[in-house]
Structures are given as structure tokens and as C-alpha cells.
Amino acid sequence: MKYYYPDYFYNFQCVPGHACPDSCCIRWQITVDKRTLKKYRQVGGELGKRMKEKIDFSTGNICPHGEEHRCEFLNDDNLCDIVLELGEDALSETCHTHPRHEEVYLNVRERSLAMTCPIACKQLLQRKKPVQILMKEEKTRPDVDLLFDRVLFEELVYTRDALLDVARNRENTIFERMIMILGLAHDVESRIHSRSQRNASKLLARKLPSLGDFTDKEKRELRQIRKAYRSADAFERVDKRLDDIIYDEKYFRQESDEHVSRIMTDMLFALTTMDALKPEWPPYLQSIFNVREEMSREESAKQMAEYSKAEEPIQLEQLLVYFLYVYCCTSVYDESLLAKCKMAVVNVLLIRELWFMKWMENDGVISVDEQAELAHWYVREIENSDENMEQWESLMQRNPRFALKKILKVLGRGAILNSGEQE
């Protein structure tokens, strides 16, 4: 069994009580695993009585209470009564491991620290060194799943390594890196779809995806693509191809009527179409729209140019690496690598936009605590709901707001500002 994990994974320590700015025991549907439920059935006294009243033992769901939807066992000090009485070993699997997450693939487990945790988020944003993804191997009984597309998964792991190399390459600006990431995903996905279309005509390959291999030509092209995007002159060559990718030279070169600030507002507006996990989220987004509507194009461009001089690109890099690592290999289930990479890039752009608005509100200042609060809140609204995640990815694939040429236009403007040129 192979275990992948970021190099900071085992350094995390939870901050208990009110020291945590946003408890994971609030506004979550907490489900107790079956093994822990068996333990809880044996608990006596007042705690055991509360467990029998507040836990649905048929589903494992803990009934939340109050306007904040707090876990029944979270006390007024924001400490867990179960831990206080029975110890940490009595926690359910979810409570014990969060924010540690494990994505399960065939003979592979990918571990991450969820940015939905404000402490993990802040620690990531404060980090200066590039994040490295480590791997350890343990002897275990191998998984067997004939329906799992191990051929595609192997290529996705190689591709993600290349995507992460591009994301961490500080010789290029963060916007140039995001442009190249979309280009790499675009090129690789075209080969994935070629294989898929070929396999669709073969009964066995259609029923058992792992039997449908890439052709020698496709494998060679995939290796060449990954190598090309890792090369020193990669962005120069991608820049020359941009017009071919988006089919409209004037659009990318900032000569069309559609302004970057309008594109960003449309992207932010898409967030309002999803279920809000925190009631303060929709009013907060509306306040941003109100500010943006009051600003002229010229004022918006001027303010963003000033913000670009003050921001820390390393923080955007850490966000980008996080999203790429977590999302990319899930493409094994739907072959939508480009949509996953668009999600990663758009998430970074929208978090940056939230920071920009807070920076303006604070008269040109934003603290790392404010950045962590906004970043983890954004991620929590999307990733803590399966329905929201599905909708977000669907928007990346089908909604014109997230057309590739629009994302590239925003990145193109960012690349210009990052290089020191003026609007």
C-alpha cells in the first residue's frame, strides 16, 4: 500500500476550546462510525443517557442543537464532554482524525490536512518553503477492484507530479504558473478522452476500464507533455499557444469589452447558487457585490494594481498546491482533469479576491489571521457539502462563467500586473 501525504501532515496539533476560531463541532453533521457506536451503547450514567437521547444509533448521526447547530456534546467552553469524561480514545473516527483526510484509491491512500480547519489553513499560509508530497510504502493485503481504472490513475499520478512541479516553480509568476497548469491539464485530458472514445467501442474495456491501455503513441505524448511543461522556457511556448487554446486573440490581450472585474464578479456570484452552510455567508457575499458595483472599472483596476504590489505570491502557491494535490487524482472517476484544475485555479483566484476586498476595507492592510479566516471559510462552504462540491465541478465543466478563455483572461491580467506593468 502506498501512502501519499504533504510534508507538514504529521506536524498538525488541534487547538482546543475557544482558542480555535471556528470549531469543527459547529454546523457539521457529525456521524459516529459503527465501531464507536458499539462503545457508546455501553456507556452509563448521565453521559450514556445523553448519548441514547441525542445519537441516532441506526445512522450514527448526532443531533445538533441551537441556532449554531452545535454538537450535543460540545459544552459552553467549546470542549467535548465525551473527551472530558471518557478520554480521546472514545472519540468517533471522524472526530478523532479531522482535519486529517484520507482519499482511498486502489492500493493507494492520499492523506491531506483539510483547509476547512482554520488552524491548518493559517499554518499553510504562514509557510515559506514549497510543499513536498512524500510517499511511504507498507506491506498490506492488496486491494482488488476490477472496476477501478488503474491505467488512468497511474498516468494521473505522473501528471499531478508535473502539475505540482509547475505550481512550485518560482522562476515564473504565480499567474504564469496557473496558466501553464490549465494548459497542461488541457493537453493531457485530450489524450485521456482519445483513449476513452477508443475503449467505448470495446465491450471488455467499457466494462473493465483497467483493460483499456493507452497506445504507445499516447504514452509517448503524455511523457512529452509533462516534460515540456517542466522545461525552463515552458511559459514562453505556452504564451504563443494561448490564442490557439482560446480561439480569440483580442479577448486574451485585454482588448475586448468584457472587463476582468466583471468576470470575477460573475464567478463570485456563482457561489450564491450553492447551499450556504453558514447563515452569514450570503450576506457577506452580497456586501462584496455592493462594493464592487459602486466601484468604477478604473478604480477597481487601480486598487488591484496596488494590491498586487503588496500581496505574497507564496501564499497563493500554497493554496494552489493544496487544491491540485487534493483534486487531481479524483479525475480517475470521471476523466475530467481540466475541470479539477479549473477548480483549483478558480478557488485561488476567488480567495485572492476575498483578500483583496478585505484589504480595501482595511485601507491597504490585511493580517494573516484575516486571510486564514476568509480562506478556510470559503473552502468550508464548498468542501463541507457533497452537493456543493458536485455543483462546483459541474459549473467548471458547463457554465460559461468559467469558460477557459475567461479564466485565462483573468490570469493574463494578473501576469501583467505581477510583472510590474500598469493597467
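Keep in mind it's a predicted model, so treat the numbers as computed, not measured. Residues: numbered from 1 along the sequence shown.
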Response to the item:
Taking every heavy atom of D145 against every heavy atom of L106, the minimum-distance pair comes out as N-CD1, 3.8 Å
Practice prompt. Fit a plane to each ring of F148 and Y105, take the angle between them on a 0 to 90° scale, and name the class: parallel (under 30°), tilted (30 to 60°) or perpendicular (over 60°).
Written response: tilted
Discussion item. Counting C-beta onward and ignoring hydrogens, is there a side-chain heavy-atom pair between L113 and P6 closer than 4.5 Å?
Written reply: no
Discussion item. Can you confirm whether or not the ring centre of Y10 sits under 6.0 Å from the ring centre of Y5?
Written reply: yes
Worksheet item: Taking all atoms of both residues into account, what is the closest heavy-atom pair of V321 and A167, and its distance?
Response: CG2-CB, 4.0 Å
Worksheet item: Is it true that D266 and R262 have a side-chain N and a carboxylate O under 4.0 angstrom from each other?
Response: yes
Worksheet item: Which atoms form the tightest heavy-atom contact between V410 and I263, and what is the distance?
Response: CG2-CG2, 3.8 Å
Discussion item. Check R109 with E138, please: is the shortest side-chain N to carboxylate O separation under 4.0 Å?
Written reply: no
Worksheet entry | Y284 OH: over 12 foreign heavy atoms closer than 6.0 Å | yes
Worksheet item: Taking the inter-plane angle between the rings of Y307 and W359 on a 0 to 90° scale, is it parallel (under 30°), tilted (30 to 60°) or perpendicular (over 60°)?
Response: perpendicular
Fill in: Between D369 and S367: side-chain donor-acceptor atoms closer than 3.5 Å
no
Item to complete: Would you confirm whether K122, through its side chain, and A372, through its main-chain N or O, come within 3.5 Å as a donor-acceptor pair?
Response: no
Fill in: Min side-chain heavy-atom separation C341-L163 under 4.5 Å
yes
Item to complete: Could you tell me if the ring centre of W392 sits under 6.0 Å from that of F402?
Response: yes
Distance-only check: which donor-acceptor pairs under 3.5 Å involve side-chain atoms of residues 271-278, not counting sequence neighbours?
unit_1	atom_1	unit_2	atom_2	d
T272	OG1	F269	O	2.5
T273	OG1	A270	O	2.6
T273	OG1	Q391	NE2	3.0

Fill in: Basic-acidic side-chain contact under 4.0 Å: E299, K302
no
Discussion item. Taking NZ in K49 as the centre, count heavy atoms belonging to other residues, nucleotides or ligands within less than 6.0 Å. Is the count above 12?
Written reply: no
Worksheet, complete the sentence: All heavy atoms of Y40 vs all of K52, minimum pair found to be O-NZ, 4.3 Å
Worksheet item: For E370 and N362, does a side-chain donor sit closer than 3.5 Å to a side-chain acceptor?
Response: yes
Worksheet item: Can you tell me if T36 uses its side chain to pair, donor with acceptor, with the backbone of V32 under 3.5 Å?
Response: no
Worksheet item: Nearest heavy-atom pair of H98 and A114: which atoms, and what distance?
Response: CE1-CB, 4.5 Å
Worksheet item: So, does E154 use its side chain to make a donor-acceptor pair with the main chain of V151 at under 3.5 Å?
Response: no
Discussion item. My understanding is that only residues two or more places apart in sequence, or in another chain, count here; which of them pass salt bridge (Lys or Arg N to Asp or Glu O under 4.0 Å) with D363?
Written reply: none
Worksheet item: Hey, is the main chain of V131 close enough, under 3.5 Å, to the side chain of R168 for a donor-acceptor pair?
Response: yes
Worksheet item: With no hydrogens and no angle check, do the side chains of D22 and H376 hold a donor and an acceptor under 3.5 Å apart?
Response: yes
Discussion item. With a 3.5 Å distance limit and no angle check, can you tell me whether R237 reaches the backbone of A228 through a side-chain donor-acceptor pair?
Written reply: yes
Worksheet item: Has E171 got more than 12 heavy atoms of other residues, nucleotides or ligands less than 6.0 Å from its CD?
Response: no
Discussion item. Under a 3.5 Å threshold, yes or no: a donor from one side chain and an acceptor from the other, between T97 and R111?
Written reply: no
Discussion item. Within the supplied structure, the quantity of interest is the number of heavy atoms (other residues, nucleotides, ligands) at a distance under 6.0 Å from H18 NE2; does it exceed 12?
Written reply: yes
Item to complete: Give a yes or no answer on whether the side chain of Y229 reaches the backbone of G183 with a donor-acceptor pair at less than 3.5 Å.
Response: yes
Fill in: Listed once per pair and sorted, the side chain to side chain donor-acceptor pair (under 3.5 Å) pairs that draw on residues 328-341, sequence neighbours left out
S196-E335, D334-K340, K340-E393
Discussion item. Is it the case that over 12 heavy atoms from other parts of the model lie below 6.0 angstrom from the CD atom of Q13?
Written reply: no
Item to complete: Verify, without hydrogens or angle tests, whether S23 (side chain) and C25 (backbone) share a donor-acceptor contact under 3.5 angstrom.
Response: yes
Worksheet item: Is the shortest heavy-atom distance from the side chain of I382 to the side chain of M343 under 4.5 Å?
Response: no
Worksheet item: Testing K129, R177, R127 for salt bridge (Lys or Arg N to Asp or Glu O under 4.0 Å) with E317, which one passes?
Response: R177
Discussion item. Ignoring hydrogens and geometry beyond distance, is a side-chain donor-acceptor pair present between N290 and E294 at under 3.5 Å?
Written reply: no
Worksheet entry | T265 side-chain N/O to S261 backbone N/O, donor-acceptor pair under 3.5 Å | yes
Fill in: Residues N107 and R150: side-chain donor-acceptor under 3.5 angstrom
no
Worksheet item: Would you call E93-K34 a salt bridge at under 4.0 Å N-O?
Response: no
Worksheet, complete the sentence: When every non-hydrogen atom of Y327 is compared with those of N347, the smallest separation belongs to OH-ND2, 3.2 Å
Worksheet item: Any salt bridge between D165 and R160, counting N to O under 4.0 Å?
Response: no
Discussion item. Has R195 got a side-chain atom pairing as donor or acceptor with R191's backbone, closer than 3.5 angstrom?
Written reply: no
Practice prompt. Using modelled atom types only, decide if a donor and an acceptor are shared between the side chain of E189 and the backbone of L337 within a distance under 3.5 Å.
Written response: yes
Discussion item. List the residues meeting salt bridge (Lys or Arg N to Asp or Glu O under 4.0 Å) with E390, not counting sequence neighbours, and say none if there are none.
Written reply: none
Discussion item. Can you confirm whether D76 is buried at CG, in the sense that more than 12 heavy atoms of other residues, nucleotides or ligands lie under 6.0 Å from that atom?
Written reply: no
Worksheet item: With sequence neighbours excluded, what pairs up with E387 under the salt bridge (Lys or Arg N to Asp or Glu O under 4.0 Å) test?
Response: none
Item to complete: Provide the full list of side chain to side chain donor-acceptor pair (under 3.5 Å) pairs with a residue in residues 79-92, sequence neighbours left out, each pair given once.
Response: R50-D81, N75-D81
